Amino acid sequence: MEQRQHDARFNAEILDVVIVGAGFAGLYMLHKLRTLGFSAKVFEAAEDVGGTWYWNRYPGARCDVESVQYSYSFDPALEQEWRWSERFATQPEILRYINHVADRFDLRRDIVLNTRIKAAEFNEKSGHWTVTTADGATIEARFCVMATGCLSASRLPAIDGLDRFAGEVLHTALWPREQFDFTGKRVGVIGTGSSGIQAIPLIAAQAQHVTVFQRTPNFSVPARNWDMTDDYERSWKENYPALRKRARESTWSGTLYEFSDKGAMEVDEATRQAEYERRWQTGGANFMHAFNDLLLSEPSNETAADFVRGKIRQIVQDPRTAEALLPFDHPLAAKRICVDTDYYATYNRDNVDLIDVRREPIEAITPDGLRAGEREHVFDTLVFATGFDAMTGALNAIDIRGREGHRLSDEWRDGPRSYLGLMVAGFPNLFTVTGPGSPSVLSNMIVSIEQHVDWISECLCHLRETGIDLIEAETTAQTEWGQEVNAAAERTLYPRAGSWYMGANIPGKARMFMPYVGGLGNYRRICAEVAADGYRGFRLQGIPSAAAISA
Ligand code: NAP
């Protein structure tokens with residue numbers, strides 16, 4: 001009888017779960033909840049599904065995790081039937097895949113598009129969340145899952161005069177749906193992170209002239225992309241369950257690479273150089289796994305950094321441009337390593353110039369272009385590849401209020417705190433998929449998304465079976481987890497870079513290393529143990545009756 005009452009509550013008119021965001025996370029969350037008998041709806045600001053892969057349509061956008069690994073594993077038939085056409089899939093292909101998933105699992109009927117969520121408020125009496133859309137509609141649900149993405153709040157720097165520019169202004173993360181034609185255009189590109197590094201070669205191949213404004217040179221390794229071969233595809237498809245399991249459970253990032261069991265200093269110079277060269281030639285982020293201590297030991301890291309700097313000097317013909325492109329202020333990969341196709345060689349083109357913004361700071365955008373270091377540059381189009389307010393930006397953009405009306409953005413003023421990157425103390429029944437404090441952006445996002453969605457789903461099943469209304473992170477567990485996140489980062493070279501992982505790209509944002517760097521396999525074990533131990537560190541409770549609250 002009691003069980004039936006609980007089931008009825010989960011199936012009442014009030015939604016069991018409201019999900020914000022229809023990217024990889026939101027779609028799988030919806031699918032999973034449906035199969036478990038929960039009612040759920042997804043709200044999405046964009047015109048269609050896809051999340052970050054919907055918005056980032058800039059030329060050259062592609063994933064730098066191999067497509068056979070950057071894909072869902074939850075459905076064996078999907079895994080076998082979908083065919084990737086390249087080693088590293090382009091944005092259009094990934095978006096086609098996401099759309100295929102939405103159709104294949106009939107997800108669209110529970111996805112509300114063109115609807116931005118602007119607020120979410122917890123009601124202590126009912127124990128429900130009320131979510132408010134930008135046009136004022138409200139939705140009530142018992143649980144709220146923020147599947148809002150880690151890199152989804154794009155960022156324009158506050159440069160004087162931006163609104164006065166007479167030409168087109170584009171941002172890589174808000175790219176127009178129609179293909180943008182750069183033919184005959186004079187283009188200024190600001191930003192040389194992963195997005196800029198991917199876009200610049202393709203823009204340069206089309207435009208009349210490109211001027212790149214670089215503030216910090218980044219490390220980039222060649223992708224060496226290739227068309228998918230039957231043999232490579234088969235080698236994965238025949239072994240998917242075992243390979244996925246290994247990636248999930250025994251790797252640091254949820255992606256299988258050619259891992260080394262040696263430190264860089266354990267081998268002699270010739271062996272080290274040969275290994276870097278071999279990996280440089282085969283391409284991709286596999287380069288980073290040449291030795292097992294590149295992000296742990298500064299001298300080891302320096303050998304890899306020097307190798308890449310040597311490559312830049314070899315590729316770029318003009319010595320002054322080459323010198324300006326040499327990364328100097330952070331260890332290799334302590335800022336997200338970039339993976340490119342012909343990025344450095346693009347500076348050998350006659351129609352490409354590089355401006356070092358540290359020597360010639362951008363002073364203002366003008367109606368005709370921009371002024372930097374007292375020089376006027378004239379452009380038809382300005383491209384901002386200036387990144388994101390990462391990890392917290394999309395969450396803080398929503399007015400999220402938990403117990404006693406406390407705002408999440410206030411709670412996170414000194415940096416995001418969470419328990420396991422899944423929940424925040426004071427915000428019962430609110431889950432964050434790949435939230436700060438979880439491996440998230442340091443891992444294969446799809447692997448981490450699947451783990452969080454599975455964990456949240458199992459948690460909701462547990463609550464349903466045990467008749468519990470609320471789950472909430474305990475402050476002590478959250479504090480201890482924050483210390484663990486911090487300690488894990490301190491064991492690495494990551495905090496040595498002023499990266500977006502640290503919040504350093506946003507003026508005024510608290511500096512704190514946000515993702516958990518202790519390894520995905522390790523993190524998964526911790527999450528599983530916490531659940532097996534009766535959700536250790538979470539408070540599980542019923543809702544006090546209205547009389548008890550008012551007493
Ligand atoms: P990003 O890495 O944050 O790069 C932003 C760039 O803009 C940096 O070069 C930054 O310089 C520059 N910048 C920002 N404000 C500026 C200003 N006022 N003046 C001059 N330069 C300025 O952003 P992103 O390139 O969009 O990449 C973000 C993340 O998205 C990546 O790290 C990656 O995780 C993901 N991503 C992945 C792929 C892929 O899978 N291949 C592709 C694209 C993006 P500073 O370094 O000096 O701040």
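Values in this document were obtained by computation on a predicted structure and should not be read as measured data. When a ligand or atom number is given, it counts from 1 through the structure's own listing order.
- Aromatic ring centroids of His330 and Phe219 lie under 6.0 Å apart.
- Residue Lys335 has at least one nitrogen or oxygen atom sitting less than 3.5 Å from a nitrogen or oxygen atom of ligand 1, judged on distance alone.
- Residues Asn225 and Arg87 bring no donor and acceptor atom of their side chains to less than 3.5 Å of each other.
- The closest protein non-hydrogen atom to atom 45 (P) of ligand 1 is Thr216 OG1, 3.4 Å.
- Taking a 4.0 Å cut-off on heavy atoms, Tyr70 fails to register as neighbouring ligand 1.
- With atom 6 (C) of ligand 1 as the reference point, the heavy atom nearest to it among Pro361, Ala385, Pro507 is part of Ala385.
- Counting only heavy atoms of the protein, atom 23 (O) of ligand 1 lies nearest to Gly387 CA, 3.1 Å.
- The closest side-chain donor-acceptor pair between Asp181 and Thr183 falls under 3.5 angstrom.
- Regarding atom 31 (C) of ligand 1, its nearest protein heavy-atom neighbour is Ser194 OG, 3.6 Å.
- Note on ligand 1: Ile190 sits in its first shell, one or more heavy atoms being nearer than 4.0 Å.
- The atoms of ligand 1 that sit less than 4.0 Å from any heavy atom of Thr386 are 5 (C), 7 (O), 13 (N), 14 (C), 15 (N).
- Atom 2 (O) of ligand 1 has its nearest heavy-atom neighbour, among Gly193, Ser499, Gly60, in Gly193.
- For the pair Asn505 and ligand 1, the shortest N or O to N or O distance does not fall below 3.5 Å.
- At a 4.0 Å cut-off, not a single heavy atom of Thr172 sits close enough to ligand 1 to count as contact.
- The protein atom (non-hydrogen) at minimum distance from atom 17 (C) of ligand 1 is Arg215 NH1, 3.5 Å.
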For residues 387-394, dump all side-chain donor-acceptor pairs below 3.5 Å to protein atoms at least two apart in sequence or in another chain.
from	atom 1	to	atom 2	distance (Å)
Asp389	OD1	Lys509	NZ	2.6
Thr392	OG1	Lys509	NZ	2.9

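- If you check which protein heavy atom lies closest to atom 32 (O) of ligand 1, you get Trp500 NE1, 3.0 Å.
- For the pair Asp64 and ligand 1, the shortest N or O to N or O distance falls below 3.5 Å.
- Not a single heavy atom of Val339 sits less than 4.0 Å from an atom of ligand 1.
- Contact of the Arg358 side chain with the Gln214 side chain is not registered, since no non-hydrogen atoms from C-beta on lie closer than 4.5 Å.
- Ligand 1 is approached by Arg155 to a heavy-atom distance shorter than 4.0 Å.
- Thr282 is not listed as a side-chain neighbour of Arg224, based on a closest heavy-atom distance of 4.5 Å or more.
- Under 3.5 Å, the side chains of Gln69 and Tyr257 contain no donor-acceptor pair of N or O atoms.
- Using modelled atom types, one finds a donor on one side chain and an acceptor on the other under 3.5 Å when comparing Tyr516 with Asn522.
- Of all the atoms in ligand 1, the ones that sit under 4.0 Å from a non-hydrogen atom of Gly191 are 6 (C), 7 (O), 9 (O), 12 (C).
- Atom numbering of ligand 1 starts at 1 in the shown order; those under 4.0 Å from a heavy atom of Arg62 are 39 (C), 40 (O), 41 (N).
- Heavy-atom proximity to atom 26 (O) of ligand 1, evaluated over Pro327, Ser195, Ala223, is greatest for Ser195.
- Taking a cut-off of under 4.0 Å to the non-hydrogen atoms of Pro157, the atoms of ligand 1 that pass are 18 (N).
- If you check the side chains of Thr381 and Glu168, you find a donor sitting under 3.5 Å from an acceptor.
- Looking at Leu151 against ligand 1, only its side chain comes within 4.0 Å, counting heavy atoms.
- Of the N or O atoms in Asn218, none lie within a sub-3.5 Å distance of an N or O in ligand 1.
- Between Tyr58 and ligand 1, no N or O atom pair is found at a separation short of 3.5 Å.
- Side chains of Pro59 and Ile203 form a contact here, defined as non-hydrogen atoms less than 4.5 Å apart.
- Close contacts between ligand 1 and Cys63 involve ligand atoms 40 (O) [criterion: under 4.0 Å to a heavy atom].
- Within the 4.5 Å cutoff, the side chain of Asp64 has no heavy atoms near those of the Tyr70 side chain.
- Checked by atom type, the side-chain pair Arg248/Ser73 shows a donor-acceptor distance below 3.5 Å.
- At a threshold of 4.5 Å between non-hydrogen side-chain atoms, the residues Lys311 and Glu277 count as touching.
- A salt bridge is defined here as a Lys NZ or Arg NE, NH1 or NH2 lying under 4.0 Å from an Asp or Glu carboxylate O, and Glu323 with Arg309 fails to meet this definition.
- The closest approach between any non-hydrogen atom of Phe213 and ligand 1 is not below 4.0 Å.
- The shortest contact between atom 9 (O) of ligand 1 and any protein heavy atom is with Thr192 N, 2.9 Å.
- Stacking of Arg57 on the aromatic ring of Tyr54 is recorded, both the 6.0 Å distance cut-off and the 45° axial limit being met.
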